[in-house]
Every structure is written in C-alpha cells, then in structure tokens.
Amino acid sequence: AQSVTQLGSHVSVSEGALVLLRCNYSSSVPPYLFWYVQYPNQGLQLLLKYTTGATLVKGINGFEAEFKKSETSFHLTKPSAHMSDAAEYFCAVSEMSDMRFGAGTRLTVKP
Amino acid sequence: GAVVSQHPSRVICKSGTSVKIECRSLDFQATTMFWYRQFPKQSLMLMATSNEGSKATYEQGVEKDKFLINHASLTLSTLTVTSAHPEDSSFYICSARAASGGAGETQYFGPGTRLLVL
C-alpha cells in the first residue's frame, strides 16, 4: 500500500527566500505523485503532479518538484517565497484507485 | 480547471439529527468521487470511494450505516451523516475524478463543508 511522509509539520521562511517542502513516498508500483495547497477553510488546489516522463515538474505559482526514484522523494520547491504562499501543503500519492495524503506542512512566510 | 462544489459550506445541527452534504462536479463527469474528513491541523483521511451507480467502498473503521454515500449520477454524490453526534463535528471534503481517469488522473476538490454538531 502506498504512503507519504512529509518531513516537518511547520516550515518558516522569509519573504524572497527559497521554499523547500519535503516529501517521501512508499509505493509498490511506479507512483503518481501530487502536491496540493490548502488555504484556511478551503478545499485543496492542485499545484503540480508527476505521472510519467520528465522528473522535474513545474506547477502553478512558481512551484516545482522533482521526482527522485532512488531517494523515493518528491520535494516541492520555489526559488522565492511570497507572502501569499503561506498555507498548508499536502503531498499525495496515488497507486491504484485512491489517493493517500501526507500529514501536511504549514508554510509561514515572514515579511 | 475543473470545478467541484459542495453544499452547504457550513452546517450546525443538534445531536441526533441527520445532515446531508452534496458534492457536484460542475463542468465534467466524475465516475469516481471521494469523501474525506479533516480534523483541525491534520491531514485528510479518506472515508470512502464512490463510483457512479454502485455501492461506495468504505475505508476500514468508517461506519457504513453512519455515513451514507449515494452517487446517483456522474455529477452528484451525497454524504449523509445519520444521527450526528458531537464527535462527528469535522471538516468534510469531497473530490471528483474525471470519467476517463485512473490513478494518475487529477482529483479536483470541493471547498469543504464544516459540520458542527451541538
């Protein structure tokens, strides 16, 4: 069965600094990997996903993630944080018919 | 992108009553819809997977008789919390996957429904 581990429940960065949110997965078959963002009292919005092909995936709002099979990782990055990036971020893996989420990482951006 | 709506967005009810939450895919057909529950500051926990025209598949530990799911059409799934109790208070989120979608297809999420049972 698939599972996801997000390292760090809370990450704080300064505005303009690099954002790095870590995600490691476990899957018995080649996985499909997703990053979602959730703003307070809202549903989830897809940032990006990896299915097949290029391992570096670019998403919305300047985010990107790299699938590294050897490290079973799918870390999310953004070169320069913006105040509007403050939110909860969820990594997810989909193996068969359903999707499993990590515990989430709350990103705080300091002015 | 695809839009999924939920109604109501917020509901307060008395203990013992039943509450129905609707999830609609507005601009695409969803063969599969998912219902999640999210406690404060926690991740989403999958409750059940709903396929149009068939019975929902519930995750271990989720009471089928308490959380009734109906997926009557390709654009509508409903979750009914029967005889709600305060411990059922939570944020319920649905998602929908396009009719052609497999595991790699994106799930589109509704905005969530906050249930408070007094």
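Protein chains get the first letters and strands the later ones, always in sequence-line order, with residue 1 at the start of each.
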Original post:
Does A:Y89 belong to the same Ile/Leu/Val/Met/Phe/Trp/Tyr cluster as A:L48, with side-chain heavy atoms less than 4.5 Å apart forming each link?
Top reply: yes
Original post:
Does one hydrophobic cluster hold both A:L76 and A:F74, with members joined at side-chain heavy-atom distances below 4.5 Å?
Top reply: yes
Subject >> Any residue meeting salt bridge (Lys or Arg N to Asp or Glu O under 4.0 Å) with A:K58, in chain and number order, not counting sequence neighbours >> reply: A:E64
**OP:** Examine whether an atom of A:Y36 lies under 4.5 Å from a heavy atom of chain B, and if so say whether it belongs to the side chain, the backbone or both; otherwise answer neither.
**Re:** side chain
Subject >> chain B contact via A:F101 - which portion, at a heavy-atom distance below 4.5 Å >> reply: both
Subject >> residues 77-94 of chain B: residues contacting chain A (heavy atom under 4.5 Å, by number) >> reply: B:F91, B:I93
**OP:** With a 4.5 angstrom heavy-atom cut-off, could you sort out which part of A:L46 is near chain B: side chain, backbone, both or neither?
**Re:** side chain
Original post:
Judged by atom type as modelled, is there a donor-acceptor pair below 3.5 Å linking the side chain of B:S43 to the main-chain atoms of A:G104?
Top reply: no
Original post:
Is there a path of hydrophobic side-chain contacts, each under 4.5 Å between heavy atoms of I, L, V, M, F, W or Y residues, that connects A:V19 with A:I60?
Top reply: yes
Subject >> Rounded distance [0.5 Å steps], OG1 in B:T106 versus CE in A:M99 >> reply: 7.0 Å
Original post:
So does B:H7 have more than 12 non-hydrogen atoms from other groups sitting under 6.0 Å from NE2?
Top reply: no
Original post:
Looking at side-chain heavy atoms only, is the closest gap between A:Q38 and B:Q38 below 4.5 Å?
Top reply: yes
Subject >> A:Y25-A:Y32 co-clustered via ILVMFWY side chain contacts under 4.5 Å >> reply: no
**OP:** Consider only side-chain heavy atoms of I, L, V, M, F, W and Y, link residues closer than 4.5 Å, and tell whether A:M83 and A:Y39 are in one cluster.
**Re:** yes
Subject >> Part of residues 110-118 of chain B lying next to chain A, heavy-atom separation under 4.5 Å >> reply: B:G110, B:P111, B:R114
Original post:
Residues in side-chain hydrogen bond (donor to acceptor under 3.5 Å, both in side chains) with A:S70, at least two apart?
Top reply: none
**OP:** Determine the option with the most heavy-atom pairs under 4.5 angstrom with chain B, choosing from A:R100, A:Q6, A:R106.
**Re:** A:R100
**OP:** With a 4.5 angstrom heavy-atom cut-off, could you sort out which part of B:L44 is near chain A: side chain, backbone, both or neither?
**Re:** both
